[in-house]
Amino acid sequence: MKSIIRLRMSAHEAHYGGDLVDGARMLGLFGDVATELLIRNDGDEGLFVAYDSVEFLAPVYAGDYIEAEGEIVSVGNTSRKMKFEARKVIVPRKDINDSACDFLEEPIVVCRASGTCVVTKDKQRKNK
């Protein structure tokens with residue numbers, strides 16, 4: 001089971017000089033993807049317990065469109081192991097004009113992660 005969300009990084013999310021967005025924003029997106037996966041799988045939002053690994057691979061800037069994808073890769077009694085990838089799919093082209101953007105033919109992977117979420121037995125509502 002997979003889930004994908006896509007959204008634009010706003011100027012308010014630019015945390016550093018040069019309109020650079022904090023890498024933690026990608027982890028927030030992964031949390032949203034994980035929540036949707038748990039709702040679809042278990043009928044409950046569950047809890048994110050831990051990241052096993054996180055790799056920041058490319059910078060993200062205000063105006064970039066990010067596509068965050070997640071997938072449940074294994075299901076335990078209460079645990080759900082997941083993997084995530086965030087890709088830059090649209091970039092602003094300020095060199096052309098203030099509103100120009102390009103859709104990237106080849107998305108740029110900006111972050112990868114894996115982690116574990118838990119849905120306690122008493123909150124699991126879906127039959128497996």
Candidates E36, R40, E71 - the one meeting side chain to side chain donor-acceptor pair (under 3.5 Å) with S3:
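In the set E36, R40, E71, the residue that makes a side chain to side chain donor-acceptor pair (under 3.5 Å) with S3 is E36.
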For a 4.5 angstrom cut-off between non-hydrogen side-chain atoms, does [X] reach [Y]?
{"X": "V119", "Y": "E45", "result": "no"}
{"X": "F84", "Y": "V33", "result": "yes"}
{"X": "K2", "Y": "E69", "result": "yes"}
{"X": "M9", "Y": "M26", "result": "yes"}
{"X": "V91", "Y": "L104", "result": "yes"}
{"X": "I5", "Y": "L7", "result": "yes"}
{"X": "T78", "Y": "V118", "result": "yes"}
{"X": "L20", "Y": "V60", "result": "no"}

Linked, directly or transitively: [X] and [Y] (ILVMFWY side chains, under 4.5 Å):
{"X": "V110", "Y": "V21", "value": "yes"}
{"X": "F48", "Y": "L29", "value": "yes"}
{"X": "I108", "Y": "I4", "value": "no"}
{"X": "V89", "Y": "F30", "value": "no"}
{"X": "M82", "Y": "V49", "value": "no"}

Test: [X] and [Y] ion pair at under 4.0 Å:
{"X": "E85", "Y": "R87", "value": "yes"}
{"X": "K126", "Y": "D44", "value": "no"}
{"X": "K94", "Y": "D19", "value": "yes"}

Give the minimum heavy-atom separation between P92 and A62, together with the two atoms involved.
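Taking P92 first and A62 second, the nearest heavy atoms are CG-O, 3.9 Å.
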What are the two closest heavy atoms between C117 and L38, and how far apart are they?
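Looking at all heavy atoms of both residues, the closest pair is CB-CD1, 3.7 Å.
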Can you check side-chain contact (heavy atoms from CB on, under 4.5 Å) on N41 and M1, steps first, answer last?
CA-CA 8 Å; N41 192 72; M1 174 183 314; 3.9 Å; yes
Sidechain-backbone polar pair: N97 side chain, S99 backbone, donor-acceptor under 3.5 Å:
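Pair found, side chain donor or acceptor close to backbone of S99.
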Mark yes or no for whether Q124, through its side chain, and N77, through its backbone, hold a donor-acceptor pair below 3.5 Å.
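Side chain of Q124 to backbone of N77: a pair is present.
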Any side-chain donor near an acceptor of the partner, T116 and S79, under 3.5 Å
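On atom types as modelled, these side chains do not qualify, holding no pair under 3.5 Å.
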Quick one, L27 with V54, criterion side-chain contact (heavy atoms from CB on, under 4.5 Å). Give me CA distance, side-chain angles, the key distance, then yes/no.
CA-CA 9 Å; L27 300 184; V54 176; 3.9 Å; yes
Should we count CG of D122 as having more than 12 external heavy atoms under 6.0 Å?
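Yes, enclosed.
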Against D42, only a single residue in R125, K123, R80, K121 fulfils salt bridge (charged side-chain N to carboxylate O under 4.0 Å, His left out); can you say which?
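For D42, the salt bridge (charged side-chain N to carboxylate O under 4.0 Å, His left out) test succeeds with only one of R125, K123, R80, K121, which is R80.
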Kindly indicate, with the supporting measurements, whether the criterion side-chain contact (heavy atoms from CB on, under 4.5 Å) is fulfilled by C101 and R8.
CA-CA 12 Å; C101 293; R8 187 176 201 174; 3.9 Å; yes
Can you measure from CZ (F56) to CZ (R112) and round to the nearest 0.5 angstrom?
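Reported value, rounded in 0.5 Å steps: 13.5 Å.
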